[in-house]
Amino acid sequence: MSSRHISHLRKWLWSSPPAEWVLSQLRELLIGALRQGPVPKHVAFVMDGNRRFAKKNRIETVEGHNLGFEALAKILEVCYKSGVTHVTIYAFSIENFKRSKYEVDALMDMAKIKLRQLVEHGDLLDRYGARIRILGQRELIKPDVLEVVDQAVKMTSGNGNCVLNVCFPYTSREEITSAIRDTVDEFSRPIPRDVADKERTRPFKEERIAHTIRSHQFSQHTSTDSDSTFLHAPELHSPSSSTTSLSSYSQDASEQDLSSMSTSTTLQPDGYSDTTTSPSEPTSTSSGEKQLPHHKNQTSPTPASKASREHGQVKNPSPNSTYPSPELITPDTLSSHMYNAGDPPVDLLVRTSGVSRLSDFLLWQCHQDTQIVFLDVLWPDFDLWSFLPVLWEWQWRTRKAEKSEHD
Ligand SMILES: CC(C)=CCC/C(C)=C/CC/C(C)=C/COP(=O)(O)OP(=O)(O)O
C-alpha cells in the first residue's frame, strides 16, 4: 500500500463518527486542563501561508484564504474556550495592497463575506461574548467593504467579555505614527485658563510625582553607570537635563516645574516651539533625508485631533495660553493613542509558515514578556494540535517566571 493510500485511510479513520467523538472528548479534556493554569489574556496571530498551502494542494489561491478563515474560526473557539480574552489577527497588511488587483479584490470580498458570517450566523462570537474591532486605516477600505465592517463592529458592540481585533489594513509603523501625531496634537492644545490655574494650585499631582521619580531614577542610573557609553553621547540628555532645558524655555522655571506645563512663550502661533526649525522649512533626518513637517492629509486623526485642526491648519492659540509639558509624555501616553488602546498586553504572538519576521505587526505592543513563536506549519493546517504545545510552553514559562519572582 502506498503512503498516499495510508494517508487517505488515516484521514478517513479520523473523520469516522467514533473517532470524531473520541477526539472531541479529548479536545474538551485538554482545554479544560489548560484552563486550570495561567492562560495568556491576549494572543496575536500572523496567519501566514495560505497561498503556499493552496499551491501545495493545487487549489485556487482564494480557496487557500477561505481555508485560512476556517482555521481561524476553529482557533478562535479554542482561544475563547481556554480563557483567552483578546485575540488580534493580521487579516490584511497595508503591504498586501501591492498584490494583484484580482487577489486584493478577492481578499476584500472574503472579508465582507466572513465578517457577515461571523456576526450573522456567528454564534461563535455570541457564545463567547466577543466583539469585533477593526484596527487600521479605515480610509483605505472601499465603501462597500467599510459598510460591512461597520455593521460587524456595531452588531457585536454589545458583547462584553472578549475581543477580536481584526487588523485590516494595518501596519505598526502607521499605527505608531498616528499615535505620535495624536499625542503631539493633544499636547499642542492650550489648556483652558481655569483648568491651568486649578492645576497649578493643586498640592500633589500624580504626573508630577511620577515625573520627579523618573528623573531621579534616571539621574541615579546615569551617575552610577559611569562606564555606560550613552553617558558620553553629547546629544543625549537625561530627563533632568531636559527638564532644565524645558524650564529655561518657559517664562518662569519654577512655575514650569510646579505646574508640569509649558507656557506659550515657547510656542509660535502655529503651535511650533521657537527653539525648533520653522515649520515651513523641511527638517533633516540623521540620514540627511529631507522631511516635511506633518500638517495635513495625514491619515487616521482622532476626533480630538480633527477638532483642533481647521482645513489642515493648527488653530492659533491666544498669546498667553498654557500647554501641557511634553515631559508628561510617557509610554502610557502613546499606548493610549494606539489602535488597541485599553487592551491587555500581548502575551503570545504566533506566526505560522516558518517565516521568522514580525512584518510590521504589533511592534509597539510586543513587550519584554511577549512570547513570540514561529511555527513551521501553513496557516490552513494550524489547529488545536499545533496550538496546544505552544500554550503549554507559554504556561510552563509563565509559571517558571512567577516562581523565580517569588523566590
Ligand atoms: C474576518 C477576516 C477578515 C478574516 C481574515 C481571514 C484570513 C485568513 C486572512 C489572511 C489573509 C492573508 C493575507 C494571509 C497571509 O497568507 P499569504 O497570502 O501571505 O500566504 P503566503 O505566505 O503563502 O504567500
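We use all heavy atoms of the structure for the numbers below, so side chains are in, but hydrogens, waters and symmetry mates are not. If you're wondering where the values come from, they're calculated on a predicted model, not measured in any experiment. Whatever order the structure lists them in is the order used to number ligands and atoms, beginning at 1.
No donor-acceptor pair closer than 3.5 Å links the side chain of Q137 to the backbone N or O of P169. Between the Q36 side chain and the G32 main chain, a donor and an acceptor come within less than 3.5 Å of each other.
The local environment of CD in E60 is sparse, with at most 12 non-hydrogen atoms from other residues, nucleotides or ligands closer than 6.0 Å.
Relative ring orientation between F361 and Y90 is described as parallel, the plane-to-plane angle staying below 30° on a 0-90° scale split at 30° and 60°.
Scanning the protein heavy atoms around atom 7 (C) of ligand 1, the nearest turns out to be M47 CE, 3.6 Å. The protein heavy atom nearest to atom 11 (C) of ligand 1 is A91 O, 3.4 Å. Closest to atom 6 (C) of ligand 1 among all protein heavy atoms lies M110 CE, 3.5 Å. Nearest protein neighbour of atom 23 (O) of ligand 1, counting heavy atoms only, is R52 N, 2.8 Å. For atom 24 (O) of ligand 1, the closest heavy atom belonging to the protein is R51 NE, 2.8 Å.
Taking the charged nitrogens against the carboxylate oxygens, K112 and E147 have no contact shorter than 4.0 Å, which rules out a salt bridge. Between D48 and R351, at least one side-chain N (NZ, or NE/NH1/NH2) sits under 4.0 Å from a carboxylate O, which counts as a salt bridge. Checked for salt-bridge contact, E70 and K74 miss the test: no charged N lies under 4.0 Å from a carboxylate O.
Checked against a 3.5 angstrom limit, the closest N/O atoms of N50 and ligand 1 fall inside it. The distance criterion of under 3.5 Å between nitrogen or oxygen atoms is met by D48 with respect to ligand 1.
Remark: F387 pairs with F45, F382 by the ring pair (Phe, Tyr, Trp, His ring centres under 6.0 Å) rule, at least two apart or across chains.
The heavy-atom pair separating T85 from Y80 by the smallest distance is O-CE2, 4.0 Å.
The ligand atoms of ligand 1 that sit less than 4.0 angstrom from a heavy atom of G49 are 16 (O), 20 (O), 21 (P), 22 (O), 23 (O). For ligand 1 and N96, the ligand atoms under 4.0 Å from any heavy atom of the residue are 13 (C). Every atom of ligand 1 is numbered from 1 in the order shown, and the set under 4.0 Å from a heavy atom of G68 is 8 (C).
At a 4.0 Å cut-off, not a single heavy atom of S353 sits close enough to ligand 1 to count as contact. Using a 4.0 angstrom heavy-atom cutoff, F69 counts as in contact with ligand 1.
Only the side chain of R99 comes within contact range of ligand 1, with a heavy atom under 4.0 Å; no backbone atom does. Contacts between L378 and ligand 1, counted as non-hydrogen atom pairs separated by less than 4.0 Å, are absent for every part of the residue.
Comparing C167, A152, A111 against atom 3 (C) of ligand 1, the shortest heavy-atom distance belongs to A111.
With ring centers used as reference points, F92 lies under 6.0 Å from F97.
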